[in-house]
A.B. asks: 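First, the structure itself, so that you have it in front of you.
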Amino acid sequence: MLTATSSLHSIRTHYHSESRDLVRALLNSTSLIEANFALELLQGKVPEKTLVTVMNLREVLKELPSSPFEMAVDEDVLLRAAHLTKDRAVMMRTLADGIDLTVTTAGNLVLDIIIRSEGKPIYWSPVPISDDYVTPALIDVIVDSDHLLNEMIELAKAMGLVFNPPFYLSLEDWRMDHAANVMESITDLF
């Protein structure tokens with residue numbers, strides 16, 4: 001995770017350019033065909049090292065849980081482990097860059113994770129969950145924040161969830177790992 005969280009600055013350079021929409025699709029699309037297509041279009045425009053970082057970040061986003069889900073701990077343990085404070089029905093914490101991280105639970109069931117950035121609440125999980133790993137508007141916040149991604153990873157661990165996304169050293173590693181799934185998705189189209 002260190003590579004994905006500490007290399008966000010390399011993604012930012014290409015995220016705020018004409019490549020932004022393709023990087024966003026590569027990061028967040030649940031469709032392997034769409035992600036592979038975005039990757040092909042970005043090659044030559046974005047350095048390979050940055051694309052590998054994007055692919056690793058994609059795997060991190062894919063591995064983080066979507067609401068609702070069960071956590072392996074109860075609310076009291078989560079409050080202590082994640083350094084959250086309880087305010088009525090929510091647990092929350094303000095991150096170093098002013099982003100509010102809010103968790104709503106019912107026992108060990110996590111109902112929602114809500115990120116408040118610049119006064120706007122954004123749900124972590126898109127509704128309905130179909131085309132994206134996280135709510136599309138949240139991708140901007142994740143890429144721009146130096147703290148949010150790491151805090152989400154730590155939150156998942158504090159919830160007692162297994163968090164072990166694959167790590168790729170090259171684009172070929174990612175392609176080999178997903179080649180069969182991409183081909184299967186293509187065949188499903190026809």
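The shown structure was predicted, so the numbers you read here are calculated from the model rather than taken from an experiment.
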A.B. asks: Do N108 and M159 touch side chain to side chain, with heavy atoms closer than 4.5 Å?
C.D. replies: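 A side-chain contact is absent here, since even the closest heavy-atom pair is not under 4.5 Å.
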A.B. asks: side-chain contact (heavy atoms from CB on, under 4.5 Å) for R93 and D100? Distances and angles first, verdict last.
C.D. replies: CA-CA 6 Å; R93 181 164 46 134; D100 291 325; over 6 Å; no
A.B. asks: Spell out, yes or no, whether M92 and I113 are grouped together once hydrophobic residues are joined by side-chain heavy atoms under 4.5 Å, including indirect joins.
C.D. replies: no
A.B. asks: Mind listing the closest non-hydrogen atom pair of S125 and P65 along with its distance?
C.D. replies: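 Taking S125 first and P65 second, the nearest heavy atoms are OG-O, 4.3 Å.
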A.B. asks: Taking side chain as C-beta onward, heavy atoms only, is M91 less than 4.5 Å from T85?
C.D. replies: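 Not in contact.
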A.B. asks: Just wondering, more than 12 heavy atoms not from Y123 lying within 6.0 Å of its OH?
C.D. replies: no
A.B. asks: With the side chain counted from C-beta on, respond yes when L149 and I153 share a heavy-atom pair under 4.5 Å apart, and no when they do not.
C.D. replies: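 Answer yes - side chains close enough.
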A.B. asks: Could you tell me whether E40 atom CD has more than 12 heavy atoms of other residues or ligands within 6.0 Å of it?
C.D. replies: yes
A.B. asks: Please report the closest heavy-atom contact between M71 and G107, naming both atoms and the distance.
C.D. replies: CE-O, 3.7 Å
A.B. asks: Is it the case that one hydrophobic cluster holds both V90 and L95, taking links as side-chain heavy atoms less than 4.5 Å apart, direct or via other members?
C.D. replies: no
A.B. asks: Within this structure, what is the CD1-CG distance for the pair I142 and L8, rounded to the nearest 0.5 Å?
C.D. replies: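 With rounding to 0.5 Å, CD1 (I142) is 9.0 Å from CG (L8).
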A.B. asks: With side chains defined as the heavy atoms from C-beta onward, is the minimum distance between V46 and V54 less than 4.5 Å?
C.D. replies: no
A.B. asks: Roughly how far apart are I115 CD1 and S145 OG, rounded to 0.5 Å?
C.D. replies: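 Answer rounded to 0.5 Å: 9.0 Å.
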A.B. asks: Quick check against the 3.5 Å criterion: does R58 have a side-chain atom that pairs as donor or acceptor with the backbone of L26?
C.D. replies: yes
A.B. asks: Between L78 and L84, which heavy-atom pair has the shortest distance, and what is it?
C.D. replies: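 Between these two residues, the closest heavy atoms are CG-CD1, 4.1 Å.
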A.B. asks: Tell me whether E75 is salt-bridged to K86, with the criterion being a basic N under 4.0 Å from an acidic carboxylate O.
C.D. replies: yes
A.B. asks: Could you report the tightest heavy-atom contact between L109 and F69, atom names first, then the distance?
C.D. replies: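 Answer, listing the atom of L109 first, then F69: CD1-O, 3.4 Å.
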A.B. asks: Determine the sole option in V23, D132, N28 for which the side-chain contact (heavy atoms from CB on, under 4.5 Å) test with I139 is passed.
C.D. replies: N28
A.B. asks: As an exercise, state the distance from CD of E48 to OG of S170, rounded to the nearest 0.5 Å.
C.D. replies: 6.5 Å
A.B. asks: Do L155 and V103 make a side-chain contact, defined as non-hydrogen atoms from C-beta onward lying under 4.5 Å apart?
C.D. replies: yes
A.B. asks: Over all heavy atoms of both residues, which pair between R24 and D140 is shortest? Give the atoms and the distance, please.
C.D. replies: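 So the minimum-distance heavy-atom pair works out to NH2-OD1, 2.6 Å.
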A.B. asks: May I ask you to decide if V143's main-chain N or O and R12's side chain share a donor-acceptor pair within less than 3.5 Å?
C.D. replies: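 Answer holds: yes.
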A.B. asks: CG/L169 to CE/M55 distance, rounded to the nearest 0.5 angstrom?
C.D. replies: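 Going from CG on L169 over to CE on M55, the span is 13.5 Å.
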A.B. asks: Treat each ILVMFWY residue as a node, draw an edge where side-chain heavy atoms are under 4.5 Å apart, and state whether V110 and L161 are in one component.
C.D. replies: yes
A.B. asks: Could you measure the distance from the CZ atom of F167 to the CD atom of E59? Nearest 0.5 Å is fine.
C.D. replies: 11.5 Å
A.B. asks: What residue among L138, I114, T135 forms side-chain contact (heavy atoms from CB on, under 4.5 Å) with W124?
C.D. replies: L138
A.B. asks: Checking the side chain of D74 only, and the main-chain atoms of D76 only, is there a donor and an acceptor separated by less than 3.5 Å?
C.D. replies: yes
A.B. asks: When you measure from the side chain of S19 to the backbone N and O of L22, does any donor-acceptor pair fall under 3.5 Å?
C.D. replies: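 Judged by distance alone, no pair lies under 3.5 Å.
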A.B. asks: Determine, stepwise, if the pair E151 / I99 fulfils side-chain contact (heavy atoms from CB on, under 4.5 Å).
C.D. replies: CA-CA 11 Å; E151 292 296 332; I99 294 172; over 6 Å; no
A.B. asks: Please walk me through it: do L39 and W174 pass side-chain contact (heavy atoms from CB on, under 4.5 Å)?
C.D. replies: CA-CA 11 Å; L39 177 61; W174 185 83; 4.0 Å; yes
A.B. asks: To the nearest 0.5 Å, what is the distance between CG (D97) and CG (L148)?
C.D. replies: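 One gets 7.5 Å once the value is rounded to the nearest 0.5 Å.
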A.B. asks: Heavy atoms only: give me the nearest Y133-S66 pair and the separation to one decimal.
C.D. replies: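 Closest approach of Y133 to S66: O-OG, 4.1 Å.
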A.B. asks: Can you confirm whether E172 is buried at CD, in the sense that more than 12 heavy atoms of other residues, nucleotides or ligands lie under 6.0 Å from that atom?
C.D. replies: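 It does: E172 CD has more than 12 such atoms within range.
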A.B. asks: Might you work through the side-chain contact (heavy atoms from CB on, under 4.5 Å) test for L171 and D173, ending with a clear yes or no?
C.D. replies: CA-CA 5 Å; L171 295 177; D173 289 347; over 6 Å; no
